[in-house]
Amino acid sequence: MTYLEQNAATGRHIFPDLVRAFALMGIVLVNVAYFAWPGPETYFYGGIRSVADQIAAGSVEALFQFKSYSLFSIMFGAGLAYQMMSAERRGARFGPRYTRRLIGLFLLGWLHIAVAFSGDILIMYSLLGALLFFFRNLSVKALVRWAVGILVLQILITFLMAGAFFAMENFSPEEALAMNTELAASMQTSADTYGSGSFIEVAKFRLSEYLEVFMFIAGFQGPGALAFFLFGLAGVKSGVLENPDAPLWSRARRLYLPVGVVLSVIGAVLLQGSANTISGQGSLGTALIVLGAPFSTAGYLGLIAAWSKGAVKGLRLFLARSGTSSLTAYLLQSLILSLIFCGYGLGFHSSIGALGCIGIGFAVGAISLIFTSLWRTRFERGPMESVLRAWTYLGTGR
């Protein structure tokens, strides 16, 4: 069955699949920094060697950081709704299938870390997905209220963190100095391991790195991911994710997007002028980007909705097809980037400026979308989607 035949059979519009494709390109532009230089605390700082590098890094921070994963998270929540509807059409029990799907994502996440990337999102998605299950029967209004409340909590956390770093720098400078000294040592260890370690050494380091920061990541990014899950679930229940003409998308383009862009640009400027992301100024910049992310995300959805209303052919069709295999594309991006930057591959770790690395990220993103789109012209699902589906439906039929 072709992509268009599948959409015709289910009544789906290409809008959600275009959102996934756009999110995947943004994700790789953000993630390339974590492959190219040591540690999340330094992000693009290690690659700032010219004005062009600074502009490129600032642009990615302003336009994609915390927005691309937000779009991805919205579509995860939407996926829960689609799976529920599919189970209802088939008269099947939804709970066991959903549980197996989350277990599959959890296991894939650990494999992803070991093979390619310590910044994996699948493990957190699987754990938060278990929470999402308990929201599945809420009304659209209740889902939106919960989502907004959780987002406010995440924003408060980021500003409190910024305040804590400012307080440390001003009232306990010796503690701040000790923290930066420890950070520098940690970054050197990371650079040495990724730059010259064997595959086994790097795999062990990735797993230990993930375990060390998991609770911080869960507390910092987890609430936002769950909130966008809820927005996605509400979007399907209300029908707006299948209706690019919904008034919400016009309002998002006109009102929300400018607010999000302004806040994110200010945050990116602060980040670019700071020593690292865990400084007072750097954490304030991050907080402003987090504050602007929901507005920018809504605005991006509005832009994609407007573009999705054209004829389903050419670039729209090509990207929409790739959006149906987002798991494959996401994992493929990490695999390619790890082979480019790690010492057991091409060994470009810590050696290329931000502009060059962002260019590599764009190329890898394009390759992942091209591969998945072409794959979908021959097969009903992406390769990793087929594996996950086989496990999800294990012993239950189709």
Side-chain angles (χ1 to χ4, degrees), residues 16 19 23 64-84 98 102 121-165 214-241 246-249 251-264 266-267 283-302 305:
V19 172
F64 300 107
Q65 195 175 19
F66 294 111
K67 291 89 169 171
S68 302
Y69 273 117
S70 298
L71 292 172
F72 212 48
S73 298
I74 284 173
M75 298 318 301
F76 185 95
L80 169 65
Y82 291 138
Q83 292 157 32
M84 283 194 301
Y98 186 65
L102 294 182
I121 196 67
L122 300 180
I123 292 174
M124 186 185 298
Y125 274 20
S126 68
L127 297 175
L128 292 174
L131 289 177
L132 181 64
F133 182 82
F134 297 101
F135 289 89
R136 69 192 186 281
N137 294 322
L138 292 184
S139 68
V140 171
K141 287 185 177 180
L143 288 169
V144 171
R145 289 193 190 104
W146 270 100
V148 171
I150 294 171
L151 271 182
V152 170
L153 173 63
Q154 185 198 30
I155 291 166
L156 286 174
I157 290 172
T158 59
F159 277 97
L160 286 173
M161 287 174 58
F165 285 124
F214 174 76
M215 292 307 297
F216 173 78
I217 293 173
F220 182 66
Q221 293 185 328
L226 179 59
F228 285 108
F229 284 1
L230 297 174
F231 280 131
L233 182 56
V236 174
K237 283 194 170 189
S238 65
V240 296
L241 275 180
L248 170 63
W249 305 131
R251 185 165 64 250
R253 292 190 294 271
R254 291 182 293 103
L255 301 179
Y256 302 154
L257 184 59
V259 173
V261 169
V262 168
L263 288 170
S264 296
I266 295 172
S283 58
L284 177 58
T286 298
L288 287 171
I289 292 175
V290 170
L291 177 60
F295 299 99
S296 293
T297 301
Y300 290 165
L301 286 168

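Keep in mind that what you see is a predicted model, and the values were worked out from it rather than measured.
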Minimal heavy-atom distance between Pro16 and Met75, with the atoms involved, is CB-CE, 3.3 Å
With Leu127, which residues qualify under side chain to side chain contact (heavy atoms under 4.5 Å, CB included), at least two apart? Phe106, Ile123, Phe214
Counting only pairs under 3.5 Å, give me each side-chain donor-acceptor contact of residues 139-154, with atom names and distances, residues two or more places apart or in other chains.
from: Ser139; atom 1: OG; to: Ala142; atom 2: N; distance (Å): 3.2
from: Gln154; atom 1: NE2; to: Phe220; atom 2: O; distance (Å): 3.1

Give a yes or no answer on whether the side chain of Lys237 reaches the backbone of Arg136 with a donor-acceptor pair at less than 3.5 Å. yes
Between Ile74 and Phe229, is a side chain to side chain contact (heavy atoms under 4.5 Å, CB included) present by the stated rule, with each step listed? CA-CA 5 Å; Ile74 284 173; Phe229 284 1; over 6 Å; no
Identify the heavy atoms of Ala298 and Ala252 that sit nearest to each other, and give their distance. O-CB, 3.2 Å
Once ring-ring contact (aromatic ring centres under 6.0 Å, His included) is applied, do any residues pair with Phe231, and if so which ones, sequence neighbours excluded? Phe228
Of all the heavy-atom pairs spanning Leu241 and Gly232, show the shortest one and how long it is. CD1-O, 3.8 Å
Pairwise distance CZ(Phe66) to CG(Leu71) - rounded to 0.5 angstrom: 14.0 Å
Shortest non-hydrogen contact from Val240 to Ala246? CG1-CB, 4.0 Å
What is the minimum heavy-atom distance between Tyr125 and Ser73, and which atoms define it? OH-OG, 2.6 Å
So Leu132 and Tyr98, side chain to side chain contact (heavy atoms under 4.5 Å, CB included) or not? Walk me through it. CA-CA 11 Å; Leu132 181 64; Tyr98 186 65; 4.1 Å; yes
Between CZ of Phe159 and CG of Leu284, what distance do you get to the nearest 0.5 Å? 6.5 Å
Where is the tightest heavy-atom contact between Phe135 and Leu233, given as atom of each residue plus distance? O-CD2, 3.9 Å
CG of Leu301 to CG of Leu248, rounded to nearest 0.5 Å, is 8.5 Å
In the structure I gave you, are the side-chain heavy atoms of Ser70 and Tyr300 within less than 4.5 Å of one another anywhere? no
Could you go step by step and tell me if Val19 and Phe72 meet the side chain to side chain contact (heavy atoms under 4.5 Å, CB included) rule? CA-CA 8 Å; Val19 172; Phe72 212 48; over 6 Å; no
Side chain to side chain donor-acceptor pair (under 3.5 Å) between Tyr256 and Thr297, worked out: CA-CA 9 Å; Tyr256 302 154; Thr297 301; over 6 Å; no
With rounding to the nearest 0.5 Å, note down the distance linking CG in Leu226 to CZ in Phe76. 10.5 Å
